[in-house]
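Every number for a ligand or one of its atoms is a count from 1 in the order of the listing. By convention here, the first residue in the shown sequence is residue 1. Just so you know, these numbers use all the heavy atoms, side chains as well, and skip hydrogens, waters and symmetry mates. These figures come from a predicted structure and were not determined experimentally.
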Amino acid sequence: MKTNLSSSTPSQLETDCLVVVVLDRSEKEKAEKDKPAPSVECDDIAVREATKDVIASGEVTGKSFETTLLHNPAGLKAKRLLLLGGGKAKNFSAAELRKLAGTAVRTLKGKSIRSFVFAHGAGDGVPSALAVRAIVEGATIGDFDPGYYKSDRKDKDSEQKIDAVTIVVQNADDQKSLASALETGRIIAESQNFTRDLVNEPSNLMTPTILAGRAKKMAAEVGLKCETYGTDKIKALKMGAFWGVAQGSDEPPALIVLRYEPDGAAKDVHLGLVGKGVTFDTGGISIKPADGMEKMKYDMAGAATMIGAMRAIALLKPKVKVTAVVCATENMPSGKAQKPGDVQIAMSGKSIEIINTDAEGRLILADGLCYARQLGCTHLVDAATLTGAVVVALGYVNAGIFASTDEMYERFLKANQQAGEKMWRLPIDDEYKELIKSNIADMVNSGARYGGAIFAAMFLKEFAEDTPWVHLDIAGTAWMEENKPWIAKGPSGIALRSLVEFVKGWSA
Ligand code: BES
Ligand code: MN
Ligand code: ZN
């Protein structure tokens, strides 16, 4: 999908479809039986004229994701005019605009339209550069289709494919900043789709070895250093917690290290991104029930997020050193698999009593975090589909954020708000630490009946030690359970945009 900018008058553009946003400018809340006050957010009077009748009819209210398609709109050169409801004007933001751009792509794709123009009106309150970025991101994210292995895949032969999106911003005083916003948005969203692509693959086609190969190929394309290691290195590093999980599988594990080392970076900051890459989680000997187990192919979403984030970082070139450490393995039951009651010695030297082999993510991350520290990382962020408990706590809407210091949290929150992703902080107070105690070893890997997401985070904290650290539990948010107007059911690519924004925030 090509994206470009234009400053032309929307009504004068020849296109298959012109897209404009309609906001509800009524002030009162619904309870007061307020009538909607739909307002067409376009700076071109001819476009507003063309919508007069349909607005007067009451058919268009401006409520979120309402779509109205007009053919041969009077006075416009466009063949069609798509009105996209954006909800209440006072709640409108770049995050809504991003979703609307995705909605436009997904709506028009189904109508065999190949290209369209999205006109951004200055009146919606979103500054032009931010708007351009949000529109490119939303359109690119909306374009992703997970139906990879359908033999009649429609967008394969371009019958249902958006070739080009033109974003119109009238009267912008700084065209150069718009062009750079377009480029930034494109890089970030394409990286997010790269992540989603990795997550979407089934586990037979996305083994640890294949994941390492994909990371290597991407690194070569964007100019990152990439090392990938197998069983020997994992054993040589004494990664007993990681190997404990990997030992049960016939597929060899992979330790993937991606390095971004720009000139002019601050000397005292080295960010470490650690990802959980369980390419399939059966639960191991503590095997999971069959119902829904197929979804455990997405248990490598944290790893894919970090690999995708490194892609964006390599292309955006912030001046800060970043290393990604990805631990990739299957979690399988077998005659070689670890068993409940086994004790593993982690790379840091701490001993772990395995209570439940299905609590495997924290084991591989324990060694991943330790290794990132050994590589010299001064600040750590991990992302993992770690617990079902975070889904109980936050549902499918918010990802869980855990932070060892308020400063790290503030920095991450700022990035998260800029990225427009939903996340919520959960606590890791010392009082929870009681739960980790083992009779035989330094700690257990599972055991809490309640507060499971917090327990997992407390466990990880033992391995982040005194290095400032943020943990993202994306178990409930890495996979969209339903189709949404703006995004397909399947891998979401959650956390990538926040991570890239977070890294940019440290740029010297
Ligand atoms: N990969 C799962 C967590 C998960 C659950 C991811 C749902 C995505 C959707 C993780 O390895 C796991 O099995 N966690 C267990 C931990 C328990 C055994 C302590 C869980 O949450 O049930
Ligand atoms: Mn598990
Ligand atoms: Zn898992």
Checking one value in my table: which N/O/S atom of [X] lies closest to the Zn ion (ligand 3)?
| X | answer |
| --- | --- |
| Glu360 | OE2 |
| Asp281 | OD2 |
| Asp299 | OD2 |

Verify whether the ring centers belonging to Phe402 and Trp469 lie closer than 6.0 Å.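 Aromatic pair excluded; centres sit 6.0 Å or further apart.
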
Within ligand 1, which atoms have a heavy atom of Arg362 less than 4.0 Å away?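 Near Arg362, meaning under 4.0 Å from one of its heavy atoms, ligand 1 has 16 (C), 19 (C).
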
Which of the ligand 1 atoms, numbered from 1, are nearer than 4.0 Å to a heavy atom of Lys276: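 Under 4.0 Å from Lys276, ligand 1 has these atoms: 1 (N), 10 (C), 11 (O).
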
Metal site the Mn ion (ligand 2): N/O/S of Glu360 inside 2.8 Å: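 Yes, within the cut-off.
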
How far apart are the closest heavy atoms of Ile285 and Thr357, and which atoms are they?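 Smallest interatomic distance, heavy atoms only, reads N-OG1, 3.1 Å.
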
Is there a side-chain contact between [X] and [Y] in this structure, where contact means two heavy atoms from C-beta onward sitting under 4.5 Å apart?
| X | Y | answer |
| --- | --- | --- |
| Phe65 | Lys99 | yes |
| Arg214 | Ile307 | no |
| Ile354 | Lys339 | no |
| Ile355 | Pro340 | no |
| Lys422 | Tyr396 | no |

Heavy atoms only, cut-off 4.0 Å: how does [X] contact ligand 1, side chain, backbone, both, or neither?
| X | result |
| --- | --- |
| Arg449 | neither |
| Asp358 | both |
| Met296 | side chain |
| Met300 | neither |

Do [X] and ligand 1 have an N or O pair less than 3.5 Å apart?
| X | value |
| --- | --- |
| Glu360 | yes |
| Ser446 | no |
| Gly388 | yes |

Best match, Val391, Asn356, Leu386: closest heavy atom to atom 14 (N) of ligand 1: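 Among Val391, Asn356, Leu386, the closest heavy atom to atom 14 (N) of ligand 1 belongs to Leu386.
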
Closest to atom 9 (C) of ligand 1 among Trp479, Phe455, Tyr298 (heavy-atom distance):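 Nearest heavy atom to atom 9 (C) of ligand 1 lies in Tyr298.
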
Residues [X], [Y]: salt bridge by 4.0 Å N-O rule:
| X | Y | answer |
| --- | --- | --- |
| Lys2 | Asp163 | no |
| Asp143 | Lys109 | yes |
| Glu407 | Lys414 | no |
| Glu434 | Lys437 | yes |

So is Lys288 close enough to ligand 1, meaning a heavy atom under 4.0 angstrom away?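 Lys288: in contact with ligand 1 (<4.0 Å).
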
What do you get for the angle at the Mn ion (ligand 2) between O on Asp358 and OD2 on Asp281, to the nearest 10 degrees?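 Result: 170°, to 10°.
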
Which heavy atom of the protein is the closest neighbour of atom 2 (C) of ligand 1, given with residue, atom name and distance?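 Here the nearest protein heavy atom works out to Asp281 OD2, 3.6 Å.
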
Metal check, the Zn ion (ligand 3) vs Lys276 N/O/S, cut-off below 2.8 Å: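 Checking Lys276: at least one N, O or S atom is under 2.8 Å.
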
Under 3.5 Å side-chain donor-acceptor pair for Glu201 and Tyr298: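 Distance-only check fails for Glu201 and Tyr298.
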
